[in-house]
Number of protein chains: 2
Amino acid sequence: MKKPAGVELAGIIRKAGFRATKPRLLVLAFLHGIEYPASIKEIITGIGREKVDQVTVYRILEAFKAVGLVAQVDFQHGRAYYELKDAAHDHHHIVCTGCDRVEDFTGCDYDKLADKALSQTSGFAKVTNHSLELFGLCNTCVKTA
Amino acid sequence: MKKPAGVELAGIIRKAGFRATKPRLLVLAFLHGIEYPASIKEIITGIGREKVDQVTVYRILEAFKAVGLVAQVDFQHGRAYYELKDAAHDHHHIVCTGCDRVEDFTGCDYDKLADKALSQTSGFAKVTNHSLELFGLCNTCVKTA
DNA sequence: ATACCACTTGCAACTGACTTGCAAGTACTT
DNA sequence: AAGTACTTGCAAGTCAGTTGCAAGTGGTAT
């Protein structure tokens with residue numbers, strides 16, 4: 001089971017136009033294993049500091065983002081979070097401002113939103129990307145608020 | 001016209017629970033004068049570096065944000081942007097990834113979105129805030145892309 | 001298999017956004 | 001006019017993310 005997974009990941013990386021190096025495989029494997037977006041620090045700690053330099057992780061994520069392999073999300077914590085991008089499942093996150101708990105939700109109606117924005121603005125030709133986060137209180141934090 | 005505006009701004013600040021100090025008046029007046037969100041650096045430069053310390057600007061914006069007087073938006077430029085919050089006019093921004101040009105659009109259907117998210121998640125009790133940005137290409141940059 | 005070379009990585013040093021501690025200043029109250 | 005709690009300014013610090021460059025390595029051609 002380990003070998004096939006590795007091979008598959010290498011294929012994903014090569015298809016994206018990169019060499020299937022050990023750091024890139026480690027980053028991609030780590031992202032495959034998480035449920036919610038992870039910060040760079042979490043990614044490095046998760047992989048193991050001795051296995052890959054943080055600069056390398058920054059560069060890999062930047063490159064993966066550029067080819068649409070990963071999505072960068074902003075939880076307003078002063079640092080970037082990353083997760084694999086799943087084109088078929090455009091989801092967003094709701095973040096608890098009390099405890100940083102995260103859950104997913106879907107249905108932002110991206111296409112309609114993009115059309116609406118383009119029809120309202122005179123200077124824009126196309127929408128290529130979007131970011132949407134909801135902030136709120138989880139069942140636990142709402143009691144102590 | 002200058003005096004009344006100043007008095008009015010002072011009232012806004014006091015109503016929010018702060019003392020109407022010179023730095024706070026300057027920040028609020030500057031935000032009143034901009035068309036699109038400004039970075040801290042732009043705010044400081046706009047006000048005049050000699051008139052107010054950058055630490056003070058950071059603290060003022062943080063405080064104004066906490067009471068809902070200003071909104072912080074993320075254009076994925078690695079720094080925060082700020083603008084006055086207009087409760088009656090919930091607008092969002094579309095940002096050109098080529099030249100950083102910004103325009104507004106409205107109609108994100110916040111209430112419906114919040115309901116949708118709450119019905120899909122089991123752990124959240126309420127939505128208190130949201131962030132939404134579209135990224136795209138303006139009429140100029142789309143030609144050179 | 002071997003060698004090559006462009007692509008990658010790791011290290012060290014750096015930048016720039018933002019924060020903290022604290023003494024000095026000042027808006028509002030009495 | 002004076003007091004005091006709220007604010008500010010300065011200096012120094014933290015932390016995320018970047019840059020330059022020499023050393024390393026994956027994929028290809030031989």
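Because the structure is a prediction, the values reported are computed rather than measured. Proteins come first, then strands; the chains are lettered A, B, ... in the order of their sequence lines, and each starts at number 1.
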Open item on the list: Restricting to ring pair (Phe, Tyr, Trp, His ring centres under 6.0 Å), what partner residues turn up for B/Tyr82, sequence neighbours left out?
Closed with: none

Can you give me the closest heavy-atom contact between [X] and [Y], atom names plus distance?
X: B/Val52; Y: B/Pro23; result: CG2-CB, 3.9 Å
X: A/Asp53; Y: A/Val55; result: OD2-N, 2.9 Å
X: A/Leu132; Y: A/Cys108; result: CD2-CB, 3.5 Å
X: A/Leu25; Y: A/Ala10; result: CD2-N, 3.6 Å
X: B/Ala20; Y: B/Arg14; result: CB-NH2, 3.6 Å
X: B/Leu113; Y: A/Leu134; result: O-CD1, 4.1 Å

List for me each residue that meets side-chain hydrogen bond (donor to acceptor under 3.5 Å, both in side chains) alongside [X], sequence neighbours excluded, and say none if there are none.
X: B/Gln72; result: B/Lys65
X: A/Gln76; result: none
X: B/Arg79; result: B/Tyr81

TODO: Show your working on side-chain hydrogen bond (donor to acceptor under 3.5 Å, both in side chains) between B/Gln120 and A/His91 and close with a plain yes or no.
DONE: CA-CA 11 Å; B/Gln120 286 180 37; A/His91 71 278; over 6 Å; no

Open item on the list: Does anything in residues 104-139 of chain A form a ring pair (Phe, Tyr, Trp, His ring centres under 6.0 Å)? List the pairs, not counting sequence neighbours.
Closed with: A/His92-A/His130, A/Tyr110-A/His130

TODO: Can you tell me which residue pairs pass the ring pair (Phe, Tyr, Trp, His ring centres under 6.0 Å) test with a partner in residues 23-48 of chain B, sequence neighbours excluded?
DONE: none

Task: Touch class at under 4.0 angstrom, heavy-atom based, for B/Lys22 against every strand present - done: nothing

Atom pairs under 3.5 Å, N or O on each side, protein against nucleotides 4-7 of chain C: can you list them with distances?
from  : atom 1 : to      : atom 2 : distance (Å)
C/dA6 : N3     : A/Arg19 : NH2    : 3.4
C/dC7 : O4'    : A/Arg19 : NH2    : 3.3
C/dC7 : O2     : A/Arg19 : NH1    : 3.3

Open item on the list: I'd like to know if the side chain of A/Arg24 and the backbone of A/Arg19 have a donor-acceptor N/O pair within less than 3.5 Å.
Closed with: yes

Side-chain donor-acceptor distances from residues 37-47 of chain B under 3.5 Å, at least two apart:
from    : atom 1 : to      : atom 2 : distance (Å)
B/Ser39 : OG     : B/Glu42 : N      : 3.2
B/Glu42 : OE1    : B/Ser39 : N      : 2.8
B/Thr45 : OG1    : B/Lys41 : O      : 2.8

- [ ] Would you grab the first and last nucleotide of DNA chain D (5' to 3') that comes under 4.0 Å of any non-hydrogen atom in chain A?
- [x] D/dA16 to D/dG27

TODO: May I ask you to list the residues of residues 70-80 of chain A, by number, that have any heavy atom positioned under 4.0 Å from an atom of DNA chain D?
DONE: A/Gly78, A/Arg79, A/Ala80

- [ ] Within residues 48-65 of chain B, find the residues that approach DNA chain D with a heavy atom at under 4.0 Å, and present them sorted by residue number.
- [x] B/Lys51, B/Val52, B/Asp53, B/Val55, B/Thr56, B/Arg59, B/Ile60

Open item on the list: Quick check on the helix from C/dA1-D/dT30 to C/dT30-D/dA1: what's the angle between its two end axes, five base pairs per end, to the nearest 10°?
Closed with: 30°

